[in-house]
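Report on one structure; see the data block that follows.
Sequence lines set the chain letters: A, B, ... in the order given, protein chains first and strands last, and positions in each chain run from 1.
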2 protein chains.
Amino acid sequence: MAKVMIIGAGGVGGVVAHKCAQLPEVFTEIVLASRTESKCKAIAEQLSRPVTTAQVDADNVAETVALLQREKPDLVINVALPYQDLAIMDACLEAGVDYLDTANYEPPEEAKFEYKWQWAYQDKFANAGRMALLGSGFDPGVTNVYTAYLKKHYLDEIHYLDIIDCNAGDHGQPFATNFNPEINIREVTANGRFWQDGDWRETGPLEENRSFDFPAGIGPKQIYLMYHEELESITKHLPEIKRARFWMTFSDNYLKHLEVLGNIGMTSIEPVQFEGKEVVPLQFLKALLPDPASLGPLTKGKTCIGCIARGVKDGVEKTFYIYNICDHEECYAEVKSQAISYTTGVPAMIGAKMMLEKKWAASGVWNMEQLDPDPFMEDLNKYGLPWQVVEIDQPTGMED
Amino acid sequence: MAKVMIIGAGGVGGVVAHKCAQLPEVFTEIVLASRTESKCKAIAEQLSRPVTTAQVDADNVAETVALLQREKPDLVINVALPYQDLAIMDACLEAGVDYLDTANYEPPEEAKFEYKWQWAYQDKFANAGRMALLGSGFDPGVTNVYTAYLKKHYLDEIHYLDIIDCNAGDHGQPFATNFNPEINIREVTANGRFWQDGDWRETGPLEENRSFDFPAGIGPKQIYLMYHEELESITKHLPEIKRARFWMTFSDNYLKHLEVLGNIGMTSIEPVQFEGKEVVPLQFLKALLPDPASLGPLTKGKTCIGCIARGVKDGVEKTFYIYNICDHEECYAEVKSQAISYTTGVPAMIGAKMMLEKKWAASGVWNMEQLDPDPFMEDLNKYGLPWQVVEIDQPTGMED
């Protein structure tokens with residue numbers, strides 16, 4: 001008998017609501033809240049059982065606290081914007097509610113992904129006897145659990161870790177971003193960064209890249225080194241790691257569009273004067289591009305996200321590749337969202353399930369790799385994100 | 001003793017004003033008029049002798065007539081927008097003033113370059129005893145005169161004509177248009193069209209292209225077949241021409257930017273709803289791009305515009321290439337504009353000089369190739385646009 005409140009009614013919020021609604025034995029009651037309640041109601045209409053909807057401005061702590069005190073959920077699943085993490089954590093502390101999110105806090109005025117702001121809540125959550133689970137999406141989230149699982153069962157020590165995120169889907173549009181274009185573009189235009197020999201190394205934006213041959217018929221794709229937030233927590237919690245990198249696929253077409261839009265100033269967040277008012281170019285770009293939600297029914301193909309870990313087992317060097325394959329069209333058929341939202345929303349549901357079932361229960365602020373991977377891995381197979389581990393005995397191109 | 005009124009104070013208007021001011025024995029008095037008089041004053045300050053400035057809305061015939069009646073020029077040099085040609089012709093007829101422009105009338109609501117609207121003024125100008133000289137820029141303008149000159153001195157008949165416009169300059173910006181971006185983009189995204197065997201043939205936008213090796217150290221560049229207005233008048237006045245084409249160079253980088261801007265809808269003239277008001281994407285793009293005038297001091301390199309004509313002389317097939325090389329930095333040093341404006345503005349001044357000196361004097365509406373090319377060609381050499389003719393005896397790649 002547990003009650004959960006989902007804050008955020010974008011693509012991921014929709015998936016979380018669908019998946020929680022499918023498990024009434026765990027999620028007895030569901031509240032879906034967002035700045036725009038009509039978006040919650042639209043999701044609610046797709047579900048197999050009734051849920052409560054509510055309007056909330058998650059930037060406003062007092063407003064969120066009032067809603068939490070009225071609804072009294074056991075857990076908040078925060079799938080709003082990453083700018084809002086701290087405000088929602090504050091509200092959870094004040095209302096005495098557990099917390100889960102899928103992406104770390106990011107200050108709105110700079111593209112800076114760091115856990116320091118949220119880790120600083122460690123004592124507050126511990127003292128309050130409350131749990132905050134950080135980054136329970138796919139990457140971060142499943143990739144952290146994959147790493148912990150390989151460490152628990154396949155390798156005594158992990159020395160080299162490559163997390164590789166491939167979207168081999170095609171939405172048929174000349175250009176569109178798969179989620180909020182603003183967040184997307186901030187991420188892609190940032191410098192690359194990876195962990196090596198106890199320190200961070202920087203690259204230019206998308207500077208380091210190579211071809212990787214993906215399984216399940218996807219084949220070779222160009223992958224680009226980026227910074228991604230799970231690198232920070234994984235290298236902290238697995239200090240034996242010598243090198244940890246994150247890679248993502250981008251098509252030449254996507255990169256060409258981004259380059260041009262950057263060149264002409266369309267990705268800038270600096271307002272320009274236009275016909276007597278201030279216009280932020282990136283906001284106008286957002287207005288021109290297809291709504292990411294509209295791409296769901298159009299997207300075909302697969303995603304493949306996984307980890308390649310090289311280390312030692314019983315004194316022998318071994319390499320394992322663990323990954324999930326997800327199909328855009330199958331996701332849409334099940335929850336009215338494509339695989340990008342699906343692969344983030346399902347792990348959020350499973351993380352919440354771990355907490356409500358007390359399989360993961362501990363006061364304080366936690367990253368995914370700190371907790372026992374086994375029950376989470378079992379649920380990934382049950383609830384739509386099956387994985388496999390293969391031992392690699394041929395070069396993959398990721399050795400250097 | 002002649003007085004000229006220049007309407008239009010953009011890049012070309014500035015060049016025309018500079019060049020007319022350099023020839024006080026021809027252009028005794030100069031009036032510079034524009035919708036924005038401050039732009040006229042800014043040009044006036046650069047000149048070696050005083051000129052009169054005036055404010056005029058050239059779309060408003062009565063207003064233009066009133067200004068003409070007040071100033072009483074002998075000739076109007078129209079270097080305003082091509083949308084305004086007919087209104088200014090009407091005003092000239094009413095005020096009894098000769099007329100010259102550099103680009104044919106184009107209805108604002110469609111990208112349609114045709115002489116029919118201006119040719120329809122033939123009787124009006126003839127009956128009024130007034131002269132209208134159409135298209136006295138470089139292309140149209142000098143290219144028409146080049147063709148007439150080759151026909152007069154080098155070939156009895158011209159059978160194949162290729163006009164090739166190369167801008168090998170570099171302004172150092174990732175993307176910028178050399179003149180009004182709206183006009184530029186309308187031109188480039190239009191279908192290609194060329195004359196063959198008595199009829200027009202269409203191609204997709206920029207579909208037909210090849211490499212051409214330019215002289216003066218410019219070397220090979222990709223050239224793209226476009227429609228250009230001088231093809232219409234030249235094939236009418238030289239009916240022996242079997243095929244006439246117009247080509248322009250574009251860099252891969254320029255085309256990549258145009259493609260992306262088209263894909264995301266930024267070149268559209270259809271308004272979109274944005275923050276409670278209607279915004280025309282192309283207008284917003286114009287606001288983001290560098291002001292073409294700001295490129296003048298930044299542009300380096302050369303332009304090369306010319307005609308390759310193949311035909312017969314005394315029964316023998318011959319091919320000639322006639323062209324001008326113009327240097328962006330030298331132009332800027334002389335008249336504070338780069339070569340794109342310079343190559344249009346100098347021929348406008350020379351056309352006006354031909355009319356005021358009565359070397360070209362005839363009632364009615366005239367295209368450049370209908371008039372004696374010799375005095376105009378002589379002035380091109382004198383006033384900044386020297387040309388050369390070479391006989392071609394090797395394949396140029398333009399034979400098919």
Check: Under a 4.5 Å heavy-atom cutoff, which of L261(B), V272(B), N263(B), N253(B) has the most pairs with chain A?
Finding: N263(B)

Checklist line | Residue among K256(B), K277(B), H257(B), Q173(B) with most heavy-atom pairs under 4.5 Å to chain A | finding: H257(B)

Check: Which pair of heavy atoms, one from A287(B) and one from F274(A), lies closest together, and at what distance?
Finding: CB-CD1, 3.6 Å

Notebook entry, point to check: Would you call I264(B) and P174(A) a side-chain contact if the rule is heavy atoms closer than 4.5 Å?
Noted result: no

Item checked: Engaged part of F175(A) at the chain B interface, taking heavy atoms whose separation is under 4.5 Å -> side chain

Notebook entry, point to check: If you count heavy-atom pairs under 4.5 Å with chain B, which of E259(A), E275(A), M266(A), Q273(A) comes out on top?
Noted result: M266(A)

